Amino acid sequence: MTFQIARRAFSNYTTVEMVEGYVAAHLRSMELQAANADGEYMVFRADEAPGQRFSPASQSPLDWL
């Protein structure tokens, strides 16, 4: 299965690479994260839109209250 590595910087997602295999994609994203200090690198399925995945740990707009 093919996975995409997306870089998140300033709340914008950009697909950087497509990698075959989940473990290989995660290892590559960690390598990019360590080599570049220009954002956060995350792994998504090839057919998934980066940044659209629900996360229970995401911040709520009401967190500042």
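Both backbone and side-chain heavy atoms feed into the values below; hydrogens, waters and symmetry mates do not. Keep in mind the model is a prediction, meaning the values are calculated, not measured.
For the atom pair Q33 CD and H26 NE2, the distance stands at 12.0 Å (nearest 0.5 Å). Rounded to the nearest 0.5 Å, atoms OH (Y41) and CD1 (I5) are 9.5 Å apart. Between D38 atom CG and L32 atom CG the span is 8.5 Å, to the nearest 0.5 Å.
Nearest heavy-atom pair across A46 and Q4 is O-NE2, 3.7 Å. Contact record, G21 with F3: C-CD1, 3.7 Å, taken as the closest heavy-atom pair. Of all heavy-atom pairs spanning M1 and E20, the tightest one is N-OE2, 2.9 Å. In this structure, A6 and P50 approach most closely via the heavy-atom pair CB-CB, 3.8 Å.
No donor-acceptor distance shorter than 3.5 angstrom exists from the side chain of E31 to the backbone of R28, with no hydrogens or angles considered.
A salt bridge does not link R7 to E40: none of the charged nitrogens lies less than 4.0 Å from a carboxylate oxygen.
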